[in-house]
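First up is the structure itself, then whatever we jot down about it.
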2 protein chains.
Amino acid sequence: MSNQSENIENELSTEEKIKQAARVVFHKKGFAATRTRDIAEEAGINLALLNYYFRSKEKLFQLIMAESLSAFIKSIATVFNDESTTLYEKIPVLVDKYIDMLTKNPTLPIFILGELQQNPDLMVEQFSIKQVIMQSVFMRQFQAAAEKGEIAPMQPIHFVMNVMGFIVFPFVASPMLRTIGDIPQDKYIELMHERKKMIPEWIRLLLKPSPQV
Amino acid sequence: MSNQSENIENELSTEEKIKQAARVVFHKKGFAATRTRDIAEEAGINLALLNYYFRSKEKLFQLIMAESLSAFIKSIATVFNDESTTLYEKIPVLVDKYIDMLTKNPTLPIFILGELQQNPDLMVEQFSIKQVIMQSVFMRQFQAAAEKGEIAPMQPIHFVMNVMGFIVFPFVASPMLRTIGDIPQDKYIELMHERKKMIPEWIRLLLKPSPQV
DNA sequence: AAACATTTTAATCAAATGATTAAAATTAAA
DNA sequence: TTTAATTTTAATCATTTGATTAAAATGTTT
């Protein structure tokens, strides 16, 4: 059996083990605080194998970062660009998918935003993001509804901030909020799932046009 | 003139120069990505002076972190515990103060939340926070209003998440949102100030009791 | 089975980095 | 002014850490 591609057993390939371990450790600690020895230990492999398969810590990081950015954006992009649904149909789907993704990857947002704070140029390379969000079907529907007076007027960027804030902020701030509220891990996850129902309602309230005089 | 305390001139004491430089660099890059040489260069002092005045990188970090947590929490705490104002009077004051503070320290939230993701125990030492927020005058007013039916029912923790999300998230996500929206630095700051007026309105919408049947 | 290729391991290297030291420079006290 | 204390500097140390190497182990091909 050749090494990487055809590995049907429960045992992952060495390469895949390293990648998964790298994702876990990088996401939790960021690039600088992660030692290649941490990744090797998490993966249960010899340190030299990291360089054998991925050349360098830097290269491995770039791979994980690219995948992470892609995951972070794609869970928005697919919903945002569905031509077959209305503005208000998209919202609960977006919220549901995004909260599911973040529940599985709760350390992802801080990882991305922390690295981006150190080096904003990491974003520039992912030029697709601007197009995929701000020129999406969803945002066009939003602006059309605003022009028709079906929703309260709001600058698109504020709308994006608010929607993402509702969804992402509780994950970003979880270590702080869990302490503030004295909330254990499992109860916190419950709260996140509760928000799947509530966030679409809150967004609706924000967008409700004020009654005509 | 003795060294630290009585320094009235425009020239800061060496100790203060190091502290301010440490704050800037730690806030931007976090503990692990910060080299003591970075701090020394930012401060314009000899590397050895960092250890002379602060013993170690670790000790200097603990000092900055304690001050940062304090700043982050105190800008909430003072407003939240003002006995002389109503629930709805507190909200615009909170929003205004917090956005001002974050405009001056835009890298503060990611710094705190990033370090907290690496080591959640950093929070535990600051036990005051739970008391100061969840048992605050503001939260008691919030719950009293909910019981009287003056506002729509919402779990306090969700309310805190939403309010903080409105305020803090745009700063946390600024490197990403600025790319998405193609927004320059100064224009982004303008947006943050715009939100001072809008956030209290949005919060009011969320809290507006649904009409009785 | 023999020869070859690939993967894994333990040992080691070199550079980066936090910290220390001893001497020099500066300031304060006598 | 002399002496003592404090602050600053350049050089150096010791540890950590990313990376490499050569040999051993494992797998594949003929």
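Letters go in sequence order (proteins before strands), and every chain restarts at 1.
Judged as a ring pair (Phe, Tyr, Trp, His ring centres under 6.0 Å), and not counting sequence neighbours, the contacts of A:F138 are A:F80, A:F159. For B:S68, the side chain to side chain contact (heavy atoms under 4.5 Å, CB included) partners at least two apart in sequence or on another chain are B:H27, B:I64, B:L108, B:F111, B:I112. The side chain to side chain donor-acceptor pair (under 3.5 Å) check on B:D121 picks up nothing, with sequence neighbours excluded. When the ring pair (Phe, Tyr, Trp, His ring centres under 6.0 Å) test is applied to B:H158, no partner is found at least two apart in sequence or on another chain.
A straight line from CD1 of A:I39 to P of D:dT17 spans 13 Å, rounded to a whole angstrom. Regarding A:N51, its CG atom lies at a distance of 11 Å from the P atom of D:dT21, rounded to whole Å. Atom CD1 of B:I45 is separated from atom P of D:dT7 by 14 Å (rounded to the nearest Å). In this structure, A:E15 places its CD atom 12 Å from C1' of C:dT7, rounding to the nearest Å. Nucleotide C:dT20 holds its P atom 11 Å from the CG atom of B:L50, rounded to whole Å. Taking atom CD1 of residue A:I18 and atom C1' of nucleotide C:dT7, one finds them 11 Å apart after rounding to whole Å. Atom pair A:L49:CG and D:dT20:P shows a separation of 14 Å (rounding to whole Å applied). Between A:E11 atom CD and C:dT7 atom C1' the separation is 14 Å, expressed in whole Å.
Taking only side-chain atoms of B:Y53, from C-beta outward, the nucleotide of D:dT20, C:dT9, D:dT7 with the closest atom is D:dT7.
Using cut-offs of 30° and 60° for the angle between ring planes, the A:F72 and A:Y98 rings count as perpendicular.
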Distances for protein N/O vs nucleotides 10-17 of chain C N/O pairs under 3.5 angstrom?
from, atom 1, to, atom 2, distance (Å)
C:dT17, OP2, B:R35, NH1, 2.8

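For D:dT8, one of the phosphate oxygens OP1 or OP2 lies less than 4.0 angstrom from a side-chain nitrogen or oxygen of B:T14.
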Determine, step by step, whether B:K19 and B:F54 satisfy the side chain to side chain contact (heavy atoms under 4.5 Å, CB included) criterion, reporting the C-alpha distance in whole Å, the side-chain angles of both residues, the deciding distance to 0.1 Å, and the verdict. CA-CA 9 Å; B:K19 228 173 91 175; B:F54 296 95; 4.1 Å; yes
Please table the atom pairs, donor to acceptor, closer than 3.5 Å between any side-chain atom in residues 166-181 of chain A and protein atoms at least two apart or in another chain.
from, atom 1, to, atom 2, distance (Å)
A:R178, NE, A:I183, O, 2.9
A:R178, NH1, A:Q185, OE1, 3.1
A:T179, OG1, A:P175, O, 3.0

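Each salt bridge (charged side-chain N to carboxylate O under 4.0 Å, His left out) pair with one or both residues in residues 97-112 of chain B, not counting sequence neighbours, appears once here: B:D100-B:K196. For residues 39-65 of chain B, the set of pairs meeting the salt bridge (charged side-chain N to carboxylate O under 4.0 Å, His left out) definition, not counting sequence neighbours, is empty.
Summary for the helix from C:dA1-D:dT30 to C:dA30-D:dT1: the axes at its two ends, each from 5 pairs, differ by 10° when rounded to the nearest 10 degrees.
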